Amino acid sequence: MQAAPETGLSEAEIHALGEIAGAMIPADAVLGMPAADDPAILADIARSLGRDLALVREALVAIAAKSRRPFAALDEEARDALVNEYYAQGGAAAVALGRVVLSAYYRDDRVLQALGHEPRPPFPKGYRLDQGDWTLLDPVRQRPSFWRDDRVTPTGSR
Amino acid sequence: MASNEKVDVLIIGSGASGAAVAWSLAETKMRILCLEQGDWIKPTDFPSNGRDWEARRYTDFDISPNRRGRDTDYPINDDNSLMKIANFNGVGGGTVIYTAHWPRMHPSDFRVKSLDGVADDWPVDYWALEKFYEENDRMMGVSGLAGDPGVPPRHPPMPPIGLGKTGARYAQAMNRLGWHWWPSDTTIATTDYEGRGACINLGHCTPGCAQGAKASTDITYWPLALRAGVELRTRCRVREITTDEHGMAAGAIYYDADGVEQFQPAEVVILACNGVGTPRLLLNSASSRFPDGLANSSGLVGKNLMLHPWPIVSGYVEETLDGGRGPINCIWSKQFYETDPSRDFVRGYTLQFGRGTGPATQAMMGAASGLLPWGRNHHRHYRTMLDHRLSIGVACEDLPEEHNRVTLDPELKDSHGIPAPRVDYTISENTRRMMEHGIARAEEILTEAGATQIFASRTALNYPGHLLGTARMGTDPERSVVNEWGRCHDVKNLFIVDGSIWVTSGGVNPTSTIQALALYVADQMKQRLATLFD
């Protein structure tokens, strides 16, 4: 098999990864969400496998074995059931697959904008955090101190 | 083997305690050298500079050295422990990747035997450490609010982090329940402070702060210590402490940045490698004179490891909250901290209330909990989670047990061939009951706050990297490794200043106490310079 550049996976494995990622996170036109097998997102997933390559490869093999026929040939309901069942029981390989798919998916510009988030790194702009209502602390301020002072109470609690 | 000019004081480890002791001893004008196996980390290195900031929490800034796998890390066999080991190897050590929560131990934490009849009392008390807590708060720069009825008086130099929408939601629930809460003390600067910029809310602070608002010792103690003449050598991995014909520490053998074996002689050696690194080094320093490891006549080096079991209980509300747009630090509660005879366990816990997370992390947490489905229902369910999350950590006191321990793995080695540590650890029945009590209270709070989809993660995902107790303090050489001021009973020019000297763990994040203890030991050393080895 020929390896796709910079991913460590073969073209066939990337194709299988796309089919599974697309089932894990399908598109939702109403919400404006692309699927995880969108070409740009899938390329990001494949490029980002890094130290998870072996585990992801293991996950692809396991899912193929569970599906018993080509994954893409399953209907949508069966694909949903399979990926949910595999993730719940698949151990480290399933966690790794979920991590690489989610990490790439939820940094895509279109995804973040559809969620009302700005597509940018936190630094240097940062974010705004409200002070909130500090009068909520007033009843707590009225409490007497209740930590145990070992200079006062040699045994037991106050 | 290359040898170096002898120094007066050799410190091994540049993290929380190594930096503090280096700075404090610098005023003696002794020649002080610190060896650090990691690198300096530049602000531009931190994940929040890039679009892959969330993914890097699980790669080169992961809290687990086994997952992170930098060439400056060493592997740890923690297979036989539910709680995994977290640390960071670099200038600043664990302070580079801690959450900057800054509670102190309570006075009762130092008197658990006298007050509650369990474990052992410390040979020092809160009041002996109080002025060092204060000094350390000024050095690290603490944000908080005086007047908390749940803890002894303290004087944070900066105002607290804002409550935000998330904090207000918790506070309303806690007030309805009549339970204590207070804004958490933190070493995140809320104003410009000693050259550090104020926090600009870059999100979860664990993988480092690009703004420099979070205090780590590479930007607090170290610049001052270096200016005072302390030398710091990076990428120097110590293999063993050697001893002379009198049984005194002679210095350390280490591998330099080029992998060349070096010997560094010293008059005094101070270990600051924390609760896994320090016992590993002592055990790797076995010799014919010290066949069970250096400073180990008690047999307690590596034993009594405490890791702070830390369940996290989360839920989701309809209101849009702060999400990941701010430090995770928010408020704490001491309502259940002190021992209550009506409960089925002794000692207690702090409740720590967190903000939300970034988009990818939220999805990972949702999937891991089984609440976020894959497939057609993914998007609609995810929208009930992102920026709607509440989460409460239950910081449980972990009592010392000798079977919880660090030993040397018979097979695993680091990249220099040095035997790696192995951790064996179980959670005690007392702690399990405490965890369940805390989880139940957290569920009550979240329900009161209007949350649904409540989920308790007991241990699998939560390992705070609090590595304590493996070279404990005490006055009895048969029951402790170091004396009441940090000097090894067996080797009178060998000191330990890190979390390994803790006798018990309290139910709090340990860094403020680790550093207060390091400053206390340094102060004791300065007072006894003429008789240090007597």
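For clarity, every value in this text was computed on a predicted model and none was experimentally measured. Within every chain, numbering begins at 1; the chains are lettered A, B, ... in the order of the sequence lines, protein sequences first and strands thereafter.
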Novice: Relative to chain B, which segment of A:A23 carries a heavy atom at a distance below 4.5 Å: side chain, backbone, both, or neither?
Specialist: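 Looking at A:A23, just its backbone touches chain B.
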Novice: Considering only heavy atoms, which portion of A:D44 lies under 4.5 Å from any heavy atom of chain B: side chain, backbone, both, or neither?
Specialist: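 When you check distances to chain B, no heavy atom of A:D44 falls under 4.5 Å.
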Novice: For chain A, find which of B:W127, B:W179, B:Y126 contributes the most heavy-atom pairs closer than 4.5 angstrom.
Specialist: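 Answer, by heavy-atom pair count under 4.5 Å with chain A: B:W127.
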Novice: Is B:R343 close enough and on-axis enough to B:Y337, meaning under 6.0 Å and within 45°, for cation-pi?
Specialist: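 No; the conditions do not both hold, so B:R343 does not lie above the ring face of B:Y337.
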Novice: What part of A:P124 is in contact with chain B, defined as an atom under 4.5 angstrom from a non-hydrogen atom: side chain, backbone, both or neither?
Specialist: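 It is the backbone, since no side chain atom gets that close.
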Novice: Could you look at B:Q335 and say if it's the side chain, the backbone, both or neither that has a heavy atom under 4.5 Å from chain A?
Specialist: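 For B:Q335, heavy atoms of backbone and side chain both lie under 4.5 Å from chain A.
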Novice: Between A:R128 and A:D130, does at least one N-O distance fall below 4.0 Å, as a salt bridge requires?
Specialist: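 Looking at A:D130 together with A:R128, the answer is yes, because their closest N to O distance falls below 4.0 Å.
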Novice: Determine the option with the most heavy-atom pairs under 4.5 angstrom with chain A, choosing from B:P183, B:G69, B:P47.
Specialist: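 Going by pairs under 4.5 Å, I would pick B:P183.
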Novice: Would you call A:R57 and A:E13 a salt bridge, using N to O less than 4.0 angstrom?
Specialist: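 A:E13 and A:R57: salt-bridged.
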Novice: Hey, do the aromatic rings of B:F353 and B:W181 have their centres closer than 6.0 Å?
Specialist: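 When the ring centroids of B:F353 and B:W181 are compared, they turn out to be at least 6.0 Å apart.
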Novice: For the candidates A:D52, A:D28, A:L31, which exhibits the highest count of non-hydrogen atom pairs separated by less than 4.5 Å from chain B?
Specialist: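 Result: the option with the highest number of such pairs is A:L31.
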Novice: Would you say B:S342 and B:D340 are linked by a side-chain donor-acceptor pair, where the criterion is simply a distance under 3.5 Å?
Specialist: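 Short answer, yes.
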Novice: Do the ring centers of B:W53 and A:F123 come within less than 6.0 Å of each other?
Specialist: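 No - the distance between ring centres of B:W53 and A:F123 does not fall below the 6.0 Å cut-off.
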Novice: Please flag which part of B:I161 lies under 4.5 Å from any non-hydrogen atom of chain A: side chain, backbone, both or neither.
Specialist: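 Both parts, heavy atoms under 4.5 Å.
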Novice: Between B:K165 and B:E319, is the closest basic N to carboxylate O distance under 4.0 Å?
Specialist: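 Salt bridge between B:E319 and B:K165, a charged N being under 4.0 Å from a carboxylate O: no.
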Novice: With respect to chain B, which residue among A:V100, A:V95, A:L136, A:V101 yields the maximal number of heavy-atom pairs within a distance under 4.5 Å?
Specialist: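 Max contact count across the listed options: A:L136.
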Novice: For A:V30, is it the side chain, the backbone, both or neither that has a heavy atom under 4.5 Å from a heavy atom of chain B?
Specialist: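 Contact with chain B involves the side chain of A:V30 alone.
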Novice: Taking every non-hydrogen pair under 4.5 Å, which of B:A168, B:A367, B:C209 racks up the most with chain A?
Specialist: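 The option with the most such pairs is B:A367.
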Novice: So how far is it from A:L102 CG to B:Q362 CD, rounded to the nearest 0.5 Å?
Specialist: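 Result: 10.5 Å between the selected atoms.
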Novice: Given heavy-atom pairs under 4.5 angstrom as the criterion, report whether the side chain, backbone, both or neither of B:R383 touches chain A.
Specialist: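 Contact with chain A: side chain only.
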Novice: Side chains of A:W147 and B:S108: do they bring a donor and an acceptor to under 3.5 Å?
Specialist: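 Distance-only check fails for A:W147 and B:S108.
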Novice: Quick check on B:D387 against chain A: is it the side chain, the backbone, both or neither that has a heavy atom closer than 4.5 Å?
Specialist: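 Side chain only.
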Novice: So which heavy atom on B:H381 is nearest to which on B:T384, and how close?
Specialist: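 Taking every non-hydrogen atom into account, O-OG1, 2.6 Å.
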Novice: Classify the ring geometry of B:H378 against A:Y106: parallel below 30°, tilted from 30° to 60°, perpendicular beyond 60°.
Specialist: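 Judged by the thresholds at 30° and 60°, the geometry between B:H378 and A:Y106 is tilted.
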Novice: Counting heavy-atom pairs under 4.5 Å with chain B, which one of A:P144, A:A35, A:P119 comes out on top?
Specialist: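 Between A:P144, A:A35, A:P119, the count favours A:P119.
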Novice: Taking NZ, NE, NH1 and NH2 as the nitrogens, is one of them in B:R70 or B:D73 under 4.0 Å from a carboxylate oxygen of the other?
Specialist: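 Looking at B:D73 together with B:R70, the answer is no, because their closest N to O distance does not fall below 4.0 Å.
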Novice: Specify which of B:D148, B:D125, B:T59 makes the most heavy-atom pairs with chain A at under 4.5 Å.
Specialist: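 Sorted descending by pairs with chain A, the first entry is B:T59.
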Novice: Which atoms of A:D138 are under 4.5 Å from chain B, going by heavy atoms: the side chain, the backbone, both sets, or neither?
Specialist: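 Looking at A:D138, nothing touches chain B.
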Novice: Using a 4.5 angstrom heavy-atom cutoff, name the option from B:H106, B:K334, B:R380, B:R376 with the most pairs to chain A.
Specialist: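 Most pairs with chain A among the choices: B:R376.
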Novice: Need one label for A:D133: side chain, backbone, both or neither, based on atoms under 4.5 Å from any heavy atom in chain B.
Specialist: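 Backbone only.
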Novice: Report which part of B:D322 has an atom under 4.5 Å of a heavy atom belonging to chain A: side chain, backbone, both, or neither.
Specialist: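 The answer is the side chain of B:D322.
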Novice: Please identify, among A:G132, A:P121, A:A36, A:A114, the residue contributing the most non-hydrogen atom pairs under 4.5 Å to chain B.
Specialist: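 It is A:P121.
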Novice: With a 4.5 angstrom heavy-atom cut-off, is it the side chain or the backbone of A:P26 that approaches chain B, or both, or neither?
Specialist: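 The answer is both parts of A:P26.
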Novice: Before accepting this row, confirm whether a basic side-chain N of the pair B:D60/A:R51 lies closer than 4.0 Å to the acidic partner's carboxylate O.
Specialist: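 Salt bridge: no.
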Novice: Check each atom of B:L202 against the heavy atoms of chain A and say whether the ones under 4.5 Å are side chain, backbone, both or neither.
Specialist: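 Both parts, backbone and side chain.
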Novice: Using non-hydrogen atoms only, which part of B:R51 is less than 4.5 Å away from chain A: side chain, backbone, both, or neither?
Specialist: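 Both the backbone and the side chain of B:R51 come within 4.5 Å of chain A.
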Novice: Which residue out of B:P152, B:G117, B:G178 racks up the most heavy-atom pairs below 4.5 Å with chain A?
Specialist: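 Option with the top pair count is B:P152.
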Novice: List the steps and the verdict of side-chain hydrogen bond (donor to acceptor under 3.5 Å, both in side chains) for A:R107 and A:S48.
Specialist: CA-CA 12 Å; A:R107 67 182 175 218; A:S48 308; 2.9 Å; yes
